[in-house]
Chemist: 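Supplied in structure tokens, the structure appears directly below.
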Amino acid sequence: MPRILELPASEIVRKVKVQEISVEEYISECFERIRTADPKIHAFLTLTEDYALMRAREIDSRIRRGEKVGSLAGVAVAVKDNICTMGVRTTCASKMLESFIPIYDATVIERLKAQDAVIVGKTNMDEFAMGSSTEQSAFGPTLNPYDLERVPGGSSGGSAASVASFEATVSLGSDTGGSVRCPASFCGVVGLKPTYGLVSRYGLIAFANSLEQISPIGRTVADVATVMDCISGHDSRDSTSVNTGPTSLRSHLIEDVSGIRLGVPKELFGEGTEEAVSKGVWNAINRLIGLGATCEEVSLHSLKYALASYYIIAMSEASSNLARYDGLRYGFRLEDDDCDWSEAYSRNRREGFGPEVKRRIMLGTYALSAGYYNQYYLRAQRVRTLIRQELSRVFKNFDLLASPTMPILPYRLGEKLRDPLEMYMCDVDTVTANLAGIPAVSIPCSSHQGLPIGVQFMAPPFREDLLIRVSYTLEKNLELDLKPAV
Ligand code: GLN
């Protein structure tokens with residue numbers, strides 16, 4: 001594989017600016033790589049080769065003319081297929097949106113383009129981002145680049161796998177309950193879920209609005225910081241967007257953790273946690289202690305109810321969001337719909353949605369229905385408040401909370417498909433950050449039998465700077481020997 005594909009984003013930008021390489025050369029190499037690796041891992045649903053090469057030539061000629069180019073000049077970005085891209089099919093990995101071509105760009109896409117990033121394609125995911133393994137895509141699963149018999153995690157599995165296998169330099173996913181951190185952990189890459197409201201959701205196809213954020217994935221902490229600095233900041237088209245400018249996380253790539261107080265919540269090392277995972281995560285924590293951080297175990301009682309509360313809220317919001325797909329206004333439509341409208345709705349939805357999506361619409365509708373609303377939805381919201389309160393108390397004594405990202409190693413395809421609850425349980429360590437709206441990162445910290453293990457750090461709202469500093473220090477001080485198999 002050509003070395004250029006292994007370089008971090010900042011190096012690519014530097015090299016293309018001094019004309020050491022052309023964007024066209026590098027982007028062509030990316031597509032060469034995609035042609036060899038993607039038949040094995042299936043990270044992409046749509047490739048945008050012609051567009052990417054055209055953009056590449058255009059950026060090259062601006063550089064040759066001595067014009068100014070953006071902070072991501074030439075960098076190949078893969079984008080999860082639930083983020084709208086103008087003129088490029090955006091399917092949510094669902095038959096329902098199989099032929100949907102947005103007429104506008106999501107804000108994050110506009111911002112990437114404004115900094116001269118090059119979008120190489122749209123990545124596979126669990127249908128409507130519902131899942132943790134990317135097996136529940138209507139177009140077939142993505143496979144883990146470290147072991148083709150195992151899942152890459154999800155729901156942003158394609159985004160993580162494409163970066164892990166050097167098909168793209170960075171990618172965007174979305175994280176509603178862990179969908180960026182989970183595949184980052186399983187694929188040995190870095191994924192950062194920002195504070196709620198820091199990155200615009202305009203153009204993100206909604207699953208559960210109050211929980212989700214578009215989130216960057218990269219092979220290094222620096223790459224993730226670079227993408228965040230490009231996509232973050234206020235957007236008047238998203239009413240939940242906070243009124244701040246873009247982050248400057250690149251200025252926090254500092255190798256120093258002295259005095260950082262780490263809390264380790266017992267509840268996030270629960271009974272289902274595999275020993276190899278626990279060992280790997282403690283190894284990373286101890287490393288940080290050796291570098292000057294302090295650490296203390298804590299108990300956060302409300303976290304016991306986080307998973308149940310997350311699933312009730314996420315499903316309730318999903319049932320409402322997905323009501324718009326009836327096949328009449330848009331979405332999948334059966335040809336022979338010569339029947340009354342309610343029959344047509346049902347038939348289109350029956351055909352267009354996969355089983356997990358249907359399950360969630362039904363459970364969510366149930367949780368919101370009269371008579372059950374107080375018992376389920378309202379109660380889940382109360383738990384959410386308790387979690388937020390408990391976290392804001394604990395952050396008075398600690399700078400960050402450390403835990404496994406996933407309690408288990410990447411598992412074999414099909415292993416958790418039989419029982420949806422088993423799949424849901426895997427999200428036990430990630431959902432808390434979404435319920436509380438706080439930032440969280442997953443970075444590779446160890447491996448077991450060639451499979452990557454991720455450590456998760458959570459920070460108080462808007463303290464992405466701390467996450468970046470600690471992850472960067474850890475990255476510089478762990479000798480990881482991770483090599484994908486593709
Ligand atoms: N695995 C979680 C779920 O299925 C999270 C999904 C997500 O973050 N999009 O809901």
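Values reported hereafter were calculated over all heavy atoms of this structure, with side chains retained and with hydrogens, waters and symmetry mates removed. Just so you know, ligand 1 is whichever comes first in the structure, and atom 1 is the first atom listed for that ligand.
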Chemist: Tell me, please, which residues at least two apart from Ala314 pass side-chain contact (heavy atoms from CB on, under 4.5 Å).
Modeler: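 Ala314 satisfies side-chain contact (heavy atoms from CB on, under 4.5 Å) with Phe207, Ala208, Leu211, Tyr310 only.
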
Chemist: Any donor-acceptor pair under 3.5 Å linking the side-chain atoms of Lys80 with those of Ser171?
Modeler: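 Side chains of Ser171 and Lys80: no pair found under 3.5 Å.
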
Chemist: Return the orientation label for the Phe128 and Tyr325 ring planes: parallel under 30°, perpendicular over 60°, tilted otherwise.
Modeler: tilted

Chemist: Out of Asn124, Thr123, Asp126, Thr134, which one pairs with Thr142 under the side chain to side chain donor-acceptor pair (under 3.5 Å) rule?
Modeler: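 Looking at Asn124, Thr123, Asp126, Thr134, the match for Thr142 under the side chain to side chain donor-acceptor pair (under 3.5 Å) is Asn124.
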
Chemist: Could Arg412 and Glu149 be called an ion pair, given the rule that one side-chain N must be under 4.0 Å from one carboxylate O?
Modeler: yes

Chemist: Might you list the protein residues in contact with ligand 1, defined as having a heavy atom under 4.0 Å from one of its atoms, sorted by chain and number?
Modeler: Ala129, Met130, Gly131, Ser132, Ser155, Asp175, Thr176, Gly177, Gly178, Ser179, Phe207, Tyr310, Tyr311, Arg360, Asp427

Chemist: Salt bridge or not between Arg360 and Glu356? Use side-chain N to carboxylate O under 4.0 Å.
Modeler: yes

